[in-house]
Structures are given as C-alpha cells and as structure tokens.
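Values reported hereafter were calculated over all heavy atoms of this structure, with side chains retained and with hydrogens, waters and symmetry mates removed. Residue numbers start from 1 in every chain, and the chains themselves are labelled A, B, ... in the order their sequence lines are given, proteins ahead of strands. Not measured: the values here are computed from a predicted model.
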There are 2 protein chains.
Amino acid sequence: MGVTIKDVAKAAGVAPSTVSRVIADNPRISPATKKRVRKAMKELGYHPNVNARSLVNSSTQAIGVVMPSSADKALQNPFFPEVLRGISAVAHDLEYSLLLSTGETEDEILEGVQRMVYGNRVDGIMLLYSRINDKVTQFLQEKAFPFVIVGKPCQDADRISHVDNDNVRASKEITEHLIELGHENIAFIGGSPDLAVTIDRLNGYREALIQHGMSVKEEYIIHTEFLKSGGRKAVHELFSLDLPPSGLVIADDLMALGVVNMLEEFGLYVPEDISIVSFNNVYLSEITRPPLTTVDIQIYELGSQACKCLVEKVKNKDEPAKRIIIPFRIKHRFSTQLKGEATTKEA
Amino acid sequence: MGVTIKDVAKAAGVAPSTVSRVIADNPRISPATKKRVRKAMKELGYHPNVNARSLVNSSTQAIGVVMPSSADKALQNPFFPEVLRGISAVAHDLEYSLLLSTGETEDEILEGVQRMVYGNRVDGIMLLYSRINDKVTQFLQEKAFPFVIVGKPCQDADRISHVDNDNVRASKEITEHLIELGHENIAFIGGSPDLAVTIDRLNGYREALIQHGMSVKEEYIIHTEFLKSGGRKAVHELFSLDLPPSGLVIADDLMALGVVNMLEEFGLYVPEDISIVSFNNVYLSEITRPPLTTVDIQIYELGSQACKCLVEKVKNKDEPAKRIIIPFRIKHRFSTQLKGEATTKEA
DNA sequence: CTGAAAGCGCTAACAT
DNA sequence: ATGTTAGCGCTTTCAG
C-alpha cells in the first residue's frame with residue numbers, strides 16, 4: 001500500500017541503499033544525488049516504514065510511559081497531564097513516540113510493561129510513580145532495560161536514573177512556614193505510605209517539627225487514599241482529637257482541595273480556623289477558594305528532564321545513572337494565616 | 001539479544017514455520033507438537049518480536065490516541081484520564097498498545113498524527129476532541145485511515161464513526177431542571193465555540209429556553225477558554241448586567257468549579273444566590289463545595305466503546321461507520337435551589 | 001501435518 | 001560516491 005524505498009530508488013535512478021543513505025543524511029552522498037533523491041521522495045510522498053527500520057536496528061524510536069494504577073482516583077491528578085506535557089514536548093522534539101501504559105491493578109501494569117519490552121515496542125521506559133516493592137521496577141532492573149523514574153527510587157537510588165525534587169527539604173520548609181506563623185499543632189495528611197513521595201514529605205515534616213523542638217505525634221499523621229470514605233473518616237477523627245491541629249501539611253493539592261471542602265462541612269474554615277499548605281502547585285490550586293499556599297515542584301520540568309535523560313540513556317547504553325533534582329519554590333497564597341490572628345472573613 | 005523463532009524451532013526440533021503456526025494457534029498443527037513447541041518457548045523465554053510481525057502483515061496492534069492541544073489548560077481536565085482508563089481497559093484486553101500524541105499547537109498535533117500513520121506505527125486512531133475545521137480529521141479522512149472520534153464530528157457525521165452523548169438533549173434537560181426550579185434568567189457558559197461539544201450543549205440550552213417561552217439573550221451566552229483572565233472578565237460582566245442571571249448552565253464541571261469560586265469573590269454564593277448545573281460528573285464535582293448537580297456522561301464508557309469500535313474497524317476495513325450514543329443521566333446534588341427559596345445556609 | 005523458501009522494507013557491510 | 005548483497009524476525013504460499 002505504501003511507497004517504498006525501492007520505488008524512490010527507481011524514480012531517482014539510484015540504488016535502494018543510496019536512498020537509505022540519503023535518509024540518514026550520510027555525508028558520503030553527493031549533494032547532487034541527495035537533491036535528486038529528496039525530490040523523488042517528495043514527489044512520490046515517501047515515508048520510511050518505522051517497523052522495517054526497527055527490525056534491522058532493533059531500535060524503535062519510542063518510549064514507554066507507565067502511569068500508576070487507575071483503580072484509585074490517583075490518575076485524575078492533574079499532575080499526570082502536566083508531566084505528560086513535559087515529556088511529550090521533548091519526545092516530539094527528539095522524534096520519539098510515546099507508548100502509554102496503565103492498568104487497574106499492579107499486575108495489569110506489569111503485563112503492559114512486559115508487552116512493551118518483550119515485544120520490542122520501546123527503547124526505554126519512564127515510570128511516573130515510585131513505590132516500595134514495585135514489581136515493575138524489579139522487572140526492569142532484572143532485564144537491565146533502560147528506564148528512568150520520575151520521583152525517588154525506593155532502592156538502589158544511585159543505580160537508577162531519576163528526576164525528582166528534594167521533597168524532604170521542600171516539606172521541611174513548608175512546614176516551617178506554618179511554624180513561623182505560630183502554629184503549634186500541625187498535622188500531616190498524605191497518600192499511600194508506600195509511595196516514595198509520601199515518605200519524603202512525611203520525613204520533611206518530621207524534621208521540621210523536631211528541629212523546632214516540637215513533638216511529632218502519631219495521631220497527627222494520617223495516610224489516606226485520595227479522599228474516599230476512608231479519608232473522610234480519618235480527617236473527622238483528626239478533628240475530634242482533644243487537641244485538634246490548627247495547621248495541616250497535605251501532601252498533594254488535590255487532597256488539600258478535598259480537605260478544605262470537608263472541613264467546611266464541619267464548620268471549619270480555611271484559613272480563618274485552620275491553615276493548610278500542600279504540594280504540586282497544580283492549576284486547580286490557583287482557582288480554588290482559597291487559593292492554596294503550595295510548593296511548586298515544576299511538574300513540566302520534571303517530565304521534560306526525565307524524557308531527555310531517558311533518551312540519552314537509550315542512545316548510549318553506558319551513560320551513567322543520573323539523579324536530577326528539580327528546584328522547588330514555595331507559592332505563597334491564601335490558605336495560611338497567623339495563628340490566632342483576628343478573623344478577616346469579609347463575606 | 002533476544003531469543004527468536006529459530007531458536008525455538010531448533011530446541012523443539014521443528015521448522016520455524018511450525019513455530020509460527022503454533023503462535024497463531026493454527027488448527028492444522030498436531031496437539032503433540034504444539035505442546036512441545038510451547039514448552040520450548042517457555043524454557044527459552046521466547047517472546048515474539050512485534051516489529052518483525054508488523055512488517056510482514058502491516059498491522060501493528062497499536063492504536064493512536066490524540067489529545068487536544070496542551071496549550072490551554074484543557075488537558076488538565078479529568079475527563080482525559082477517565083476516557084483513557086476506558087480506552088486502556090479494552091486495549092489491554094484486546095492486546096493493543098496505545099500511542100499517545102499531543103502537542104502545544106494544532107500543527108504539532110498534526111505532525112504527531114502524521115508520524116503515526118506514515119510511519120506505520122498504528123492501525124487506527126482515536127480523536128479525543130472534535131472541533132470545526134480540524135486539520136487532523138481532514139488528514140485522516142483524505143488518507144482514508146481508520147479512526148473514530150469521541151464526540152460528534154463537525155462534518156460528515158454519518159461517514160465518521162463516533163461515540164458521543166446526546167449532548168443537546170442532555171443540555172436541554174438540565175436547563176429545564178433550572179427552569180422547573182423557577183429560574184427565569186439563565187445564562188450559559190461554555191468553552192471554545194469551535195468545539196462540537198460546546199455547540200451541542202449551547203443548542204440544548206437554547207431549545208429549552210425557547211420551548212419554555214423564554215427569550216435567549218446573547219449577553220447571557222459566554223464562551224471562555226477555561227477560566228483564564230479573560231474568563232474572569234466575562235463572568236464579571238455577566239453579573240454586572242442590569243438583570244443578572246440567577247441560574248447558570250456551565251458546559252463543564254471544572255469550569256463550574258472555577259465559576260463557583262469566582263462568584264464567591266464577588267460575594268455571591270452557590271446555590272443560595274445562584275444555581276448552577278454543569279456537565280461530565282467528574283470526580284471533583286462530588287468533593288467540591290457545594291457538590292455539583294451535573295450530567296453524568298459516562299466518560300469511561302465513552303472511552304471503552306470508542307476503543308472497541310476502533311478495533312473492529314481496524315480488523316475489518318469495511319465495517320460500516322457507526323454512531324454510538326452513550327446514555328447520560330443527571331446527577332442531582334447541591335448546586336441548585338428553588339428560585340427565591342429562603343436561604344438555608346447553616347454555617 | 002510439517003518443511004522449504006520467499007519476502008515484508010529497510011540498513012550495513014562489502015564491494016567497486 | 002554509489003551499487004550489490006545479505007539479513008533483521010516473522011508469516012505465508014507452496015510442496016510434500
């Protein structure tokens with residue numbers, strides 16, 4: 001159905017191999033023939049068949065992007081479209097295609113990944129999450145298949161290329177912001193404790209408290225899967241404590257948004273009654289009421305750097321493992337307030 | 001690097017062609033040899049090379065998924081991860097891979113699509129948006145490349161397979177809900193007027209008004225790109241009118257969420273001061289305050305049906321063009337109120 | 001029921 | 001600077 005290299009060769013009066021060389025812009029072809037061949041390609045509407053090419057150089061010019069399980073609502077986090085934008089931009093630039101893989105369960109995801117690598121569909125893989133005891137990571141490591149993680153590997157961090165923020169420092173700083181505002185009872189709400197990102201952010205929170213001579217209480221730390229009924233219960237309990245917190249460090253903007261709304265149900269307002277800070281600086285955090293004070297982790301950059309890094313690794317197998325830390329910055333908005341400050345609600 | 005069909009053949013003491021037939025589960029191979037060959041495959045850890053296979057039968061077992069431009073914030077709409085979930089589920093089932101394509105500009109997107117089809121990377125393409133004068137659609141039609149649209153084609157709707165909701169009816173019904181509640185001044189806020197979905201929803205709104213003897217005023221219809229500064233201005237103007245609306249039909253949950261918050265800034269509360277209804281029933285619409293009355297369009301179903309439809313078309317080139325309408329249902333929640341009803345704010 | 005051989009579209013030695 | 005040839009891993013006639 002398509003026009004092949006032979007057709008072009010015939011039309012240009014050269015051998016197929018010459019055409020191939022023209023495609024690769026081989027310097028040993030005379031400018032004259034190059035021009036002639038290119039003209040023929042144009043006229044015939046020739047486009048190389050990537051499968052044929054992949055077959056011979058066993059390289060696909062495609063990378064696989066692995067999303068976390070779609071079972072929980074995690075996938076709905078605007079984090080993903082935003083990393084994808086970053087990834088996509090450099091992939092497009094470098095002329096790489098993107099294979100996407102998700103699944104409801106961990107096993108489904110693993111299957112998807114295996115299909116990609118065993119079938120020679122991709123040259124490298126990018127993981128958009130990092131959790132402990134992850135089968136996908138293990139599989140990729142065993143096979144020594146090129147991959148990079150967006151986030152921090154839970155093991156062998158110095159042998160796995162990854163691009164991440166310094167989440168513990170970010171968390172420490174944003175917690176300190178709350179402390180500086182005079183809050184003395186600060187709780188932490190995070191996602192699954194299996195996720196590297198949750199662990200780091202929790203640790204930063206802990207460090208801040210300890211360094212400021214505050215005790216870290218276990219009942220102030222709650223883990224919840226993105227605000228299902230279980231999440232509501234946990235938050236409810238937190239505010240039923242004898243000494244409820246007046247400040248909240250929440251590991252994710254979307255969660256924060258849910259918490260704000262839930263709190264309102266209980267008659268508690270942000271920031272008048274309680275100050276919250278969160279992470280990611282997703283678009284939603286700007287337009288919600290109140291606009292959220294959050295740490296901007298530069299999601300787009302995370303994605304684009306990861307893609308660049310992966311392609312380098314793919315092109316040069318013995319590129320060393322890299323760790324790339326994307327700087328964060330705190331976005332001060334309106335979800336925090338000096339502890340005990342007179343209420344300024346104007347509505 | 002990989003174990004090939006020849007290795008398996010040798011190990012099983014058969015010819016490569018036999019192995020190939022075993023893979024295809026050809027009935028003319030004796031059960032005995034099948035078993036023997038399968039055993040050899042297992043032992044050697046054989047996995048077919050899809051590129052080789054693609055090359056010979058010019059079929060890739062992959063489909064391309066085209067997202068709209070990532071330039072505006074549209075991509076951040078949870079609609080997309082949710083369709084993707086649906087698509088992904090059936091793709092996984094049918095053993096198809098997903099190639100993803102986006103871009104900042106329309107041309108970038110077109111380039112991506114061309115790379116997919118010219119390079120023989122995919123067997124079919126799924127468009128996740130529908131806008132008038134879309135180059136991608138035109139390209140695909142010219143090339144007679146198999147594709148389906150999630151949404152309604154702006155042209156040749158009977159020649160292009162698509163899966164959609166009856167958006168005009170949905171919009172009519174939800175507008176009527178507002179009318180039944182006693183609202184007499186109802187405005188419409190939608191996205192780009194180039195999008196099929198905006199057009200349909202606007203038309204449904206119009207129909208409802210007309211059918212109920214209400215006049216449709218142009219100053220009550222506003223189009224805004226997902227709440228940028230321009231959007232704020234438009235909403236502001238709307239509520240500066242001599243006769244501001246008491247009801248709002250908003251073409252998208254996410255937009256609705258933005259509007260609710262913006263309104264609050266102006267000192268207007270939902271639903272006490274103004275009732276709003278929207279579309280999509282995205283997860284966010286449940287957890288926001290107030291929970292939104294919205295039409296559930298069954299996004300997941302939209303995706304899974306579209307994928308099924310595309311694969312059928314891909315497998316059988318002269319499958320007729322289909323139109324699949326996914327039923328909607330209205331989710332009644334708390335963003336609407338009887339016009340003039342006593343305020344019941346309990347906070 | 002199974003094997004031999006050709007060929008999918010392209011690249012990469014190896015010639016010339 | 002260009003042509004010839006072999007072969008990537010697989011499927012598919014065509015024989016037997």
Side-chain angles (χ1 to χ4, degrees), chain A residues 1-41 44-62 95 115 117-123 315, chain B residues 1-38 40-41 44-62 95 115-123 315:
Chain A
M1 201 196 103
V3 19
T4 82
I5 210 171
K6 282 187 190 165
D7 303 322
V8 177
K10 205 164 292 171
V14 297
S17 52
T18 303
V19 178
S20 176
R21 286 190 264 254
V22 172
I23 295 169
D25 203 17
N26 188 317
R28 306 186 319 193
I29 298 290
S30 79
T33 21
K34 269 190 188 173
K35 186 176 278 182
R36 199 150 37 89
V37 170
R38 293 225 173 87
K39 183 156 161 270
M41 300 199 302
L44 299 185
Y46 169 76
H47 291 273
N49 181 323
V50 273
N51 295 119
R53 188 184 292 197
S54 295
L55 186 55
V56 18
N57 21 258
S58 49
S59 126
T60 58
Q61 291 275 103
E95 312 216 273
R115 269 233 307 277
V117 346
Y118 284 139
N120 282 82
R121 285 184 186 276
V122 297
D123 294 340
K315 289 195 171 160
Chain B
M1 201 197 104
V3 17
T4 82
I5 212 172
K6 280 187 190 166
D7 302 322
V8 177
K10 203 164 293 172
V14 297
S17 51
T18 302
V19 178
S20 175
R21 287 190 262 252
V22 173
I23 294 171
D25 204 15
N26 187 316
R28 307 186 317 194
I29 296 291
S30 78
T33 18
K34 269 190 187 171
K35 187 176 279 182
R36 201 148 38 89
V37 171
R38 294 223 172 88
M41 300 199 303
L44 299 184
Y46 169 77
H47 292 273
N49 181 323
V50 274
N51 294 119
R53 187 183 292 195
S54 295
L55 184 54
V56 16
N57 23 255
S58 49
S59 126
T60 58
Q61 292 274 103
E95 312 217 89
R115 269 234 307 276
M116 295 202 280
V117 346
Y118 284 138
N120 283 84
R121 286 183 185 275
V122 297
D123 295 339
K315 288 195 172 161

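- Residue A:H47 contributes atom NE2, which lies 15 Å from atom P of C:dG9 at whole-angstrom precision.
- Across the interface with DNA chain C, nearest-nucleotide mapping of B:V56 and B:P31 shows B:P31 to be the residue nearer the 5′ end.
- Within 6.0 Å of the NZ atom in B:K10, the count of heavy atoms belonging to other residues, nucleotides or ligands does not exceed 12.
- In the set C:dT11, D:dT4, C:dG9, C:dT11 carries the atom at the smallest distance from any side-chain atom of A:S20.
- When distances run from any side-chain atom of A:S30 to the nucleotides C:dA4, C:dA12, D:dA1, the shortest one goes to D:dA1.
- The side chain of A:Y46 sits closest to C:dC10 out of C:dG3, C:dC10, D:dG3.
- Backbone-only engagement by A:G13 is indicated by non-hydrogen atom pairs under 4.0 Å involving sugar-phosphate atoms exclusively.
- Spacing between atom CZ of A:R36 and atom C1' of D:dA1 amounts to 12 Å, rounded to whole angstrom units.
- The distance between atom CG of A:D7 and atom P of C:dC8, rounded to the nearest whole Å, is 11 Å.
- For A:I29, the listed nucleotide lying nearest its side chain is D:dT2; candidates were D:dG3, C:dA4, D:dT2.
- Formation of a donor-acceptor pair under 3.5 Å by the A:S54 side chain with backbone atoms of A:S59 is found in this model.
- For B:I5 and C:dA4, the CD1 to P distance is 14 Å, given to the nearest whole Å.
- The side chain of A:R21 sits closest to C:dA13 out of D:dT12, C:dT11, C:dA13.
- In this structure, A:I23 atom CD1 and C:dA12 atom P are separated by 11 Å, rounded to whole Å.
- For the pair B:A52 and B:T33, both in contact range of DNA chain C, the more 5′-proximal nearest nucleotide belongs to B:T33.
- The interatomic distance linking B:N26 (CG) with C:dG3 (P) rounds to 13 Å, in whole Å.
- Partner of A:R115 under the side-chain contact (heavy atoms from CB on, under 4.5 Å) criterion, out of B:E95, B:Q61, B:H47: B:E95 alone.
- In this structure, B:N120 atom CG and C:dC10 atom P are separated by 9 Å, rounded to whole Å.
- Between the P atom of C:dT16 and the CZ atom of A:R28 lies a distance of 16 Å, rounded to the nearest Å.
- Of the candidate nucleotides D:dT11, C:dG3, C:dC10, D:dT11 has the atom lying nearest to any side-chain atom of B:R53.
- Judged by distance alone, the side chain of B:K34 and the main-chain N or O of B:R21 form no donor-acceptor pair under 3.5 Å.
- Here A:V14 lies in heavy-atom contact (under 4.0 Å) with sugar-phosphate atoms only.
- The residues B:K315 and B:D123 are annotated as not salt-bridged, no charged nitrogen and carboxylate oxygen being separated by less than 4.0 angstrom.
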